[in-house]
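First the structure, in the form of structure tokens, and then the observations on it.
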Amino acid sequence: MVTREQARAIVAGVPDPEIPVLTIEDLGILRDVAIDDEDGVVVTITPTYSGCPAIDAIADDVRTRLHEQGAERVQVRAVLTPAWTTDWMSEAGRRKLREYGIAPPGRLPLLQLGVACPRCGSLDTRELSRFGATACQAQHVCQACLEPFDRFKPH
Amino acid sequence: MNDVATYALRLGDDALILSQRLAWWSARAPELEEDLALTNVALDLLGQARPLLARAGELEGRGRDEDALAYLRGEREFLNLLIVELPDRDFAEAIARLLLFSTFQLARCEALTGSADELIAGVAAKAVKEVAYHRDHAVRWTLRLGDGTEESHARMQAAIERLWPYAHEPFAADELDLRMAGEGVGVDPATLRDGWRAFVAETLGRATLGVPADGWAPSGGRRGEHTEGFGFLLAELQSLHRAHVGATW
């Protein structure tokens, strides 16, 4: 058996399959870890976007890691409410995103002068496309260093 | 099916069928970014449809899950609005439909965030920001095409004219809508019409496009009476699942 604290630490380290530099805790999609007499370890997660295809992979990873660490029964629940927003992303998560080359989302409500290029820091950037390679990102380009980059959409 | 199950199924079918139509644009859009955009919108809609279908199946109590409802119902059992199922003859029609439908869907989601059904309220609250983004995408393209070249203007105007008759059905409340609104589960769509019309007319005006005259207003989607192209859409959606019963990967 694992304790709640152990289970929490194990689950918190599960990476996001689409942006593997972030853990599900950094992203703010890990809502709760509890121990239940009947269900064993109960992990509650929430999708970033309604159709986020990563959510099933994340649930599988959570189960696998917990089983490997000795938890026999594991329940993963995906809840929709309250709806996730980018405000739930941790400061560590924002820093890791920037270092990875993805512009992190601004804080909501939106008060932002511009999107800073994660490579050179210039604010002289523009949006190339409102949609990107994953549901949570848009494509931008830096007009100073000319590098294209992804931006985590404020949501 | 009870009222709430049927209501959840209507909402879910609107999202599921539009998702399928938009997915058709993958590798067919005018530019690569637009392939990604329309399929991203489709993905959001699919994500909204899944819990609604699951909820409908759970309330129905006959053991049908989201897959059974999506893949194993016949044409007459689908309850989506006609506007989401129409095939696109060009890109302008895809954009016109996204503008007309997502403007309606956004108002409906905002109203449903207060639904007495916890699942419907949760899906609506999650969908509000997604659908606002979809509508914004449609507005940008409407402006670009309407206020673009002679050719793009003509095509965008033709697309709006073709879809306009189907833009009335979403606001025609039937008895189920009124019962659900009365019980605080749903919303009377007729109350959303003025706001919808004002937003659409303002957008079309900015895009130098005319607002078509109201006239013929086909309906029937909520009763399972669909247009000719719907059977072909379902064939594409369902054939794999039906050919390989119970298959997983």
Side-chain angles (χ1 to χ4, degrees), chain A residues 17-19 27-29 31-32 44-60 76-89 102 105-110 126-141 148-155, chain B residues 11-12 15-16 18-19 22-23 25-26 29-52 54-55 105 109 112-115 117-141 144 248-249:
Chain A
E18 288 181 339
I19 309 174
L27 265 169
I29 63 178
R31 285 276 166 88
D32 188 46
T44 307
I45 53 177
T46 189
T48 53
Y49 278 73
S50 294
C52 179
I55 201 84
D56 292 334
I58 291 169
D60 282 346
V76 182
R77 292 180 186 153
V79 297
L80 292 174
T81 48
W84 177 89
T85 86
T86 37
D87 275 356
W88 297 23
M89 190 185 291
I102 296 175
R107 290 279 178 192
L108 299 171
L110 216 50
R126 71 184 171 88
E127 186 179 75
L128 272 183
S129 172
R130 306 260 295 150
F131 295 86
T134 72
C136 52
Q137 294 174 73
Q139 296 167 42
H140 287 246
V141 65
F149 63 92
D150 286 324
R151 179 197 188 198
F152 207 102
K153 295 190 290 204
H155 181 79
Chain B
L11 299 172
L16 175 68
L18 182 53
S19 171
L22 287 169
W25 281 97
S26 175
E31 56 192 26
L32 181 61
E33 287 78 4
E34 201 51 30
D35 276 359
L36 285 174
L38 293 181
T39 47
N40 261 289
V41 173
L43 188 61
D44 288 343
L45 290 166
L46 185 63
Q48 294 160 19
R50 289 182 57 187
L52 289 165
R55 176 80 175 138
Q105 198 200 2
C109 283
L112 291 177
T113 54
S115 172
D117 185 272
E118 206 178 308
L119 187 280
I120 290 176
V123 171
K126 187 88 197 126
V128 162
K129 281 189 275 187
E130 294 166 358
V131 177
Y133 207 81
H134 304 166
R135 184 180 73 167
D136 186 58
H137 187 68
V139 167
R140 287 168 181 233
W141 267 114
R144 244 173 110 179
T248 56
W249 67 72

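Below, read A as the first sequence line, B as the second, and so on, with proteins coming before strands; counting in each chain starts at 1. Just so you know, these numbers use all the heavy atoms, side chains as well, and skip hydrogens, waters and symmetry mates.
- Summarising the geometry, atom CH2 belonging to A/W84 is positioned 7.0 Å from atom NZ belonging to B/K126; distances are rounded to the nearest 0.5 Å.
- Contact of B/V123 with chain A is made through backbone and side chain together, with heavy-atom distances under 4.5 Å.
- Under the side-chain contact (heavy atoms from CB on, under 4.5 Å) criterion, B/D117 pairs with B/V4, B/R55, B/S115, B/L119, B/I120, B/V185, sequence neighbours left out.
- Note: B/E33 CD to A/R130 CZ = 14.0 Å, rounded to the nearest 0.5 Å.
- Heavy atoms of B/L46 lying under 4.5 Å from chain A are absent altogether.
- Within a 6.0 Å radius of CZ in B/R135, more than 12 heavy atoms belonging to other residues, nucleotides or ligands are found.
- Note that OG of A/S50 and NZ of B/K129 are 10.5 Å apart. Values are rounded to the nearest 0.5 Å.
- Annotation for A/E127: atom CD counts as buried by contact number, over 12 foreign heavy atoms lying within 6.0 Å.
- A/P53 approaches B/L43 most closely through the heavy-atom pair CD-CD2, 3.9 Å.
- Taking each heavy atom of A/A135 and B/D44 in turn, the nearest pair found is CB-OD1, 4.5 Å.
- Residue contact with chain B, scored on non-hydrogen atoms closer than 4.5 Å, involves the backbone of A/T134 exclusively.
- Within the 4.5 Å cutoff, the side chain of A/S129 has no heavy atoms near those of the B/L36 side chain.
- Options B/V41, B/N40, B/T39 differ in how many heavy-atom pairs under 4.5 Å they form with chain A, and the most are formed by B/N40.
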